[in-house]
Amino acid sequence: MTTKFETGLTYARELDQQDDLKQMREHFYIQPGEIYMDGNSLGLSSKEAEAALLRMMEVWKKEGIKIWNVEDGKYYHYSNKLAALTAPLIHADAGEIAIAGSTTANIHQCISTFYQPTTEKYKILVDDLNFPTDRYAVDSQVRLKGLDPSEAVKVVASEDGKTLSAEKIIAAMTPDVALILLPAVLYRSAQILDMKKITTAARKRGIYIGWDLCHAIGAIEMNFTELQADFAVWCTYKYLGGGPGSIAGLYINKKHFAKMPGMTGWFGNKDETQFQLKHTFEPAPDASGWQVGTPSLFSMAPLEGALQIFAQVGMPAIRKKSLQITAYLMYLIDEKLQAYGYGVGNPRENEARGGHVCLEHDEAYRISLALKDKGVIPDFREPNVIRLAPIAFYTSYEEVYRVVEILEEIFVEKTFLEYSDKRGLVV
Ligand SMILES: *Cc1c(COP(=O)(O)O)cnc(C)c1O
């Protein structure tokens, strides 16, 4: 981005005037007096999400069990409906997507499908910066095969504790590696891994590769048709705004549709025979086969509403605003906060950074508490990171300006010293 920014408030307001997405803010529940910078952890509720949930409630009230049949079986096929709305976000076929389970459960599902270790090829390649649940799932899948994670899980280490090198990951793709699981965007530093380069290298070596898109989907543009990875998983409560604990998603490359899902259940059975209730599983002919049990409709409905907003705006416009507003935030941090020991921990290049800014400070924890008391909702990640996510749909440039002003105040007034450094249960 070549934009030259300015430091003043008037300039922030000008940017808001020029913002193509400024009307989108009206679709969201923004609390008066609060600046929400945590849409990377839990997206705010949109009016569309609320409406879809209330609509489902009405259908249940009126129809009871018939909910599965109304509107041409919309809710029986709800995963397909949501998959169709999700497909443009990752440029995959709708049939390659199932909307089901949780991210962690879907990692288990995908690894149990693709991980068939032999004596020569038995390792799973991971990194040491991924979110811990991914690693817990990998380790337990290895144990289920009677192997020891300390031998069968190969960890690529970050050199700086923040970012990963594609070259180092590729160098670790030795012939004993059977499967790779990596995050597309790192949850702390917001680094985007070079998905294309890494996936191509894995395919060349005959290694299955899957991507965790939790911090990528709804934040950056991706093209799975071009990428040809084997599988992917994601949650829908972060950038997508599906609501707390909302349903997750998974992608299975169509060339693998003939595989038997690792964890089978009756909602993965093909429609034609599902209700014959036979004891022989007949998988659906696409990613729907990777569903397990009855879909949790109430954790899906808000996602339907939320995805309609994505359909209306489209990823290119979302990413464009996100890149500009995060660049503006980094600019203000550089200009106004460096003197107080704040630093930017994410990569700066457009193609290498996701949707949040990683603000580092030795006192990050206490500063995050002071921010909350001043009406800013950030999130803190051990040991020294405050993640600030200006969301394309609803964060204004003026809010970003104000957040930086507050970060300065906290330091000038030394407000953070009033807080204890002892961590709470949910930080
Ligand atoms: C948020 C996140 C998860 C969350 O997993 P759940 O099963 O939804 O709790 C997993 N992996 C990564 C990389 C995440 O960012």
Side-chain angles (χ1 to χ4, degrees), residues 38-44 82 86 89-90 97-112 124-141 153 155-156 158 162-164 169 179-193 195 198 209-220 222 229 231-251 262-263 290-293 295-296 298-300 302-303 306 345-346 353-358 378-382 385 387-389 391 425-427:
D38 207 6
N40 58 318
S41 249
L42 180 66
L44 282 181
L82 299 182
T86 306
L89 304 185
I90 62 169
I97 296 172
I99 301 299
S102 68
T103 309
T104 311
N106 290 349
I107 295 172
H108 280 289
Q109 172 64 302
C110 290
I111 294 184
S112 66
I124 299 185
L125 185 66
V126 298
D127 65 278
D128 67 346
L129 295 181
N130 203 347
F131 195 70
T133 200
D134 295 49
R135 182 62 195 281
Y136 303 160
V138 165
D139 286 4
S140 86
Q141 286 295 323
V153 179
V155 184
V156 178
S158 160
K162 296 185 206 178
T163 56
L164 295 164
I169 293 170
L179 185 145
I180 302 169
L181 176 69
L182 292 168
V185 173
L186 294 180
Y187 78 96
R188 229 190 254 115
S189 72
Q191 181 198 10
I192 304 178
L193 296 196
M195 296 172 76
I198 294 169
I209 181 159
W211 290 96
D212 184 326
L213 311 182
C214 280
H215 280 272
I217 194 160
I220 66 169
M222 288 173 283
F231 67 91
V233 297
W234 59 89
C235 65
T236 64
Y237 47 78
K238 290 171 181 158
Y239 288 91
L240 294 185
S246 55
I247 196 87
L250 61 83
Y251 158 92
M263 305 190 323
W290 275 259
Q291 294 178 85
V292 183
S296 18
F298 282 108
S299 72
M300 300 168 90
L303 180 63
N346 52 279
R353 71 173 204 277
H356 71 268
V357 167
C358 165
D379 78 11
F380 166 77
R381 284 296 174 261
E382 296 285 358
V385 169
R387 298 187 301 185
L388 297 171
I391 299 299
L425 277 183
V426 179
V427 293

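Remember, it's 1-based here, ligands and their atoms both numbered in the order they're listed.
- Ranking protein heavy atoms by distance to atom 15 (O) of ligand 1, first place goes to Lys238 NZ, 2.6 Å.
- Close approach of ligand 1 to His215 is summarised as follows: ligand atoms under 4.0 Å from at least one heavy atom of the residue are 15 (O).
- Cation-pi geometry between Lys238 and Phe131 is met: the NZ or CZ atom falls under 6.0 Å from the ring centre, inside 45° of the normal.
- The closest donor-acceptor contact from the side chain of Ser296 to the backbone of Ser299 lies at 3.5 Å or more, if one exists at all.
- Checked against a 3.5 angstrom limit, the closest N/O atoms of Asp134 and ligand 1 fall inside it.
- The backbone N or O of Gln109 sits less than 3.5 Å from a side-chain atom of Ser112, completing a donor-acceptor pair.
- In this structure, the side chain of Arg387 engages the main chain of Tyr187 through a donor-acceptor pair within 3.5 Å.
- For the pair Asp212 and ligand 1, the shortest N or O to N or O distance falls below 3.5 Å.
- The protein atom (non-hydrogen) at minimum distance from atom 5 (O) of ligand 1 is Thr103 CB, 3.4 Å.
- Between Asn130 and ligand 1, a contact under 3.5 Å exists for no N or O pair.
- Within 6.0 Å of the OH atom in Tyr136, the count of heavy atoms belonging to other residues, nucleotides or ligands does not exceed 12.
- Of all protein heavy atoms, the one lying nearest to atom 7 (O) of ligand 1 is Thr104 OG1, 2.6 Å.
- Scanning all protein heavy atoms for the shortest distance to atom 4 (C) of ligand 1 gives Tyr237 OH, 3.1 Å.
- Between the Arg188 side chain and the Glu382 main chain, a donor and an acceptor come within less than 3.5 Å of each other.
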